[in-house]
Amino acid sequence: MKITKYKSNNCGELNLNNINEEVTLSGWVACVRDLGGMIFVELRDRTGFFQLVSDPQVNPEAHKTFEKLKTEFVVTVRGKITRRPEETYNEKYATGQVEMYPGLIEILSEAKTLPFMLDDDSVSEDIRLKYRYLDIRREKTLNNLILRHKIVTATRNYLNTQNFLEVETPVLINTTPEGARDYLVPSRVHEGKFYALPQSPQIFKQLLMVGGVEKYYQIAKCFRDEDLRSDRQPEFTQIDLEMSFVEQQDVIDLVEGLLVDTFKEAGVEIKPPFIQMTYQDAVETYGSDRPDTRFDLKLFDVTDIMQASTFEAFKGVIADGGTVRAIRIPGVANYSRKDMDDVRSLAISFGAKGLAWVTYMETGEVKSPVFKFLTEEQIAELQTRSGAEKGDIVFFVADKPKVVFDVLGRFRLYFGKKLGLIDENKHNLLWVVDFPMFDYSEEEQRYMSVHHPFTSPNLADIDKMETDPANCRSIAYDIVYNGTELGGGSVRIHSSEVQERVFKALGFSEEEVQKKFGFMVNAFKYGTPPHAGLALGLDRLVALLARTESIRDVIAFPKNSSAKCLMTDAPAEASLIQLRELHLKSTVTKK
RNA sequence: GGGAGCGUAGCUCAGUUGGUUAGAGCGCAUGCCUGUCACGCAUGAGGUCGCGAGUUCGAGCCUCGUCGUUCCCGCCA
């Protein structure tokens, strides 16, 4: 390291190899142990802890300063590294065999008593966020930032080696017609007009492909004005990349290599190629487009059995285009009536209209409210198909396919967690491919893009865009890690004709297309390479590798769950002068 | 927008059926203590029980409202 006036070495890097070296250290006083005579001080910097000792008989001058020290004072010390008496070695610290009797000590900055103790892991998050600069002094928070840095560095190294160019795209752009709510920025120069902050650099990175960049990446800030969750912040970071002259598999190969390198930074070894599962398989088997395959509990189809039964409720659902699926939950046959009521409420809260079940009691008895509608053969077939054993319950949901898969998928996760079936040491990565192109929105009464409007349809399904949009597949893919969507991407449309057909299928008029995407459609008329790309959620990736629940833990200065910064109090009111300059008038009435 | 949980000392929490002066640990202050490393010992300071209203002879505790915070649903191409 470069030697400065304040530092010749880092605290955490000293050991027996440095004995007798004269060093200068600076840092924070983590702890003072005043024994009356001797005083022990733990000095902390980014790298770790180092013990200072003061003895009034060794150095009375320095000792006077030591007596003034309090927690979190910033000090600089100079002295010789010495070996601790062997019986006082501290195995807990890397520097536990050495210490220093400083010849010189200077207090660089005093500190008030902190509002919370740095070694207390149970301090509530709002206090840590209010004093985030103190929270960052905590080893855990700092380590998360260090891990994030390592992952970003590994990403840059990997992509640079693969000949990618890192290109910045603008932050002040136009609003995005599809997708999330935009953050708007009023224009001072253009009265009544607004920029928006990007939800992603999507259009720009595609235009970089038109521009011949061929391989682009960016550690890109993205903004979405939607309600927050522990894994969602209003501003977040994507590892965004795009490549020309490639197909889906080329992107997958590249990203698998990237993930190997980034996971390595967290000490996790993963081995591509990862499983590729179709969207349809994922949804039918796991009830989710981001299946957690760390545990089994697969859904299965019983539509045919119920169709052949005399259970009119289920038969009606099936006649209306519905389906009946089931899941076997092991070891819950002893559930009380109340437990079962809770499970039923859970199903209803997940969107089911009702819940049916078969209980395989420990005694061997098999009970179900639906047995009266079934023949012996059908009951036997149910057991064969479910593989149910004594102690299990098989749950059924009948509804529109979307509802059934969603409910049973959530059931699967709920019981997976509750019954402790999830092996936390697994690192299951998989690709979900063949996403549908469109999804019908009841609210908007039209088809919407499942991915985004620039996603290429599967060439085999291209004419379904007009004839059967619901069954038109796209060339879109998601990377899923332990049941979390880490990122996704697609092969993009590179033909302006196909792009116009997609816009039409989405219900955009020609005027709308010209107005919103005219520049893009035009750009594509000047020679566009086939291209594809993907974006990874950096915050989620780091949070998962740091084994923390919330992405706030891996962001230096995050917003709380109501999108507020507890440290700076942003967002805040703007002055009337500012508003006037921006041609804005608040509609909020003051209380 | 909806649902649930939480809010008592600087921090983390306890507080019985509504009943006298609201407690603990840590931190902080002062004193003692020469090999500590969660140093130890002693003494002490520290409270708008989030805020407002209501019920009651009496509210930290019950009711309503409100604010803050967390999680979930909706939302997040």
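Letters A, B, ... mirror the listed sequences (proteins, then strands); counts begin at 1. Computed over heavy atoms, backbone and side chain alike; hydrogens, waters and symmetry mates excluded.
Counting non-hydrogen atoms under 4.0 angstrom, Val450(A) reaches the backbone sugars and phosphates but no base. Among the atoms of the strands shown, base atoms are found under 4.0 Å from some heavy atom of Ser200(A). No engagement by Arg128(A) is indicated, since no non-hydrogen atom pair under 4.0 Å with the nucleic acid exists. Residue-level contact check: Glu42(A) touches the backbone only, with heavy atoms under 4.0 Å from sugar-phosphate atoms and none from bases. Here Lys564(A) lies in heavy-atom contact (under 4.0 Å) with sugar-phosphate atoms only. The residue Lys112(A) sits apart from the nucleic acid: no heavy atom pair falls under 4.0 Å. Here Glu99(A) lies in heavy-atom contact (under 4.0 Å) with a base. No engagement by Thr455(A) is indicated, since no non-hydrogen atom pair under 4.0 Å with the nucleic acid exists. If you check every strand for non-hydrogen atoms under 4.0 Å, Arg84(A) touches a base. Within the 4.0 angstrom heavy-atom criterion, no nucleotide atom of any strand lies near Ser349(A). Using a 4.0 Å heavy-atom distance criterion, Met117(A) is classed as a base contact. Among the heavy atoms of the strands lying under 4.0 Å from Pro85(A) is at least one base atom, whether or not backbone atoms are also near. At the heavy-atom level, Leu228(A) lies nowhere under 4.0 Å from the strands shown. Residue-level contact check: Ser122(A) touches the backbone only, with heavy atoms under 4.0 Å from sugar-phosphate atoms and none from bases.
Within residues 28-39 of chain A, the residues approaching RNA chain B are Cys31(A), Arg33(A), Asp34(A), Leu35(A), Gly36(A), Gly37(A), Met38(A), by heavy-atom distance under 4.0 Å.
Listed by first and then second residue, the salt bridge (charged side-chain N to carboxylate O under 4.0 Å, His left out) pairs involving residues 554-564 of chain A are Glu235(A)-Lys559(A) (not counting sequence neighbours). A side chain to side chain donor-acceptor pair (under 3.5 Å) check over residues 339-355 of chain A, counting only residues at least two apart or in different chains, returns the pairs Ser336(A)-Asp339(A), Lys338(A)-Asp342(A), Lys353(A)-Asp399(A). A ring pair (Phe, Tyr, Trp, His ring centres under 6.0 Å) check over residues 485-510 of chain A, counting only residues at least two apart or in different chains, returns the pairs Phe503(A)-Phe508(A), Phe503(A)-Phe517(A).
A close approach under 4.0 Å does not occur between any side-chain nitrogen or oxygen of Asn90(A) and OP1 or OP2 of U36(B). An OP1 or OP2 oxygen of U69(B) is reached within less than 4.0 angstrom by no side-chain nitrogen or oxygen of Ser561(A). Checking the phosphate oxygens (OP1, OP2) of C28(B), a side-chain nitrogen or oxygen of Thr71(A) falls inside 4.0 Å. Regarding contacts with the backbone of A29(B), a side-chain N or O of Lys70(A) is found under 4.0 angstrom from either OP1 or OP2.
Residue Arg224(A) places no side-chain atom within donor-acceptor reach of the base of C76(B), judged by atom type and a 3.5 Å distance cut-off alone. Counting distance only, with no hydrogens placed and no angle test, the side-chain atoms of Glu125(A) and the base atoms of U69(B) include no donor-acceptor pair under 3.5 Å.
The distance between atom CG of Asp126(A) and atom C1' of G7(B), rounded to the nearest whole Å, is 10 Å. Regarding Arg229(A), its CZ atom lies at a distance of 8 Å from the C1' atom of G74(B), rounded to whole Å.
A search for ring-ring contact (aromatic ring centres under 6.0 Å, His included) contacts involving Phe49(A) returns Tyr93(A), not counting sequence neighbours. Under the side chain to side chain donor-acceptor pair (under 3.5 Å) criterion, Arg224(A) pairs with no residue at all, not counting sequence neighbours.
Gln202(A) and Gln206(A) form a side-chain donor-acceptor contact under 3.5 Å, judged by distance and modelled atom types alone.
For the atom pair CD1 of Ile19(A) and CG of Leu14(A), the computed distance is 9.5 Å after rounding to the nearest 0.5 Å.
The aromatic rings of His63(A) and Phe66(A) lie parallel to each other, their planes meeting at an angle below 30°, with 60° marking the opposite boundary.
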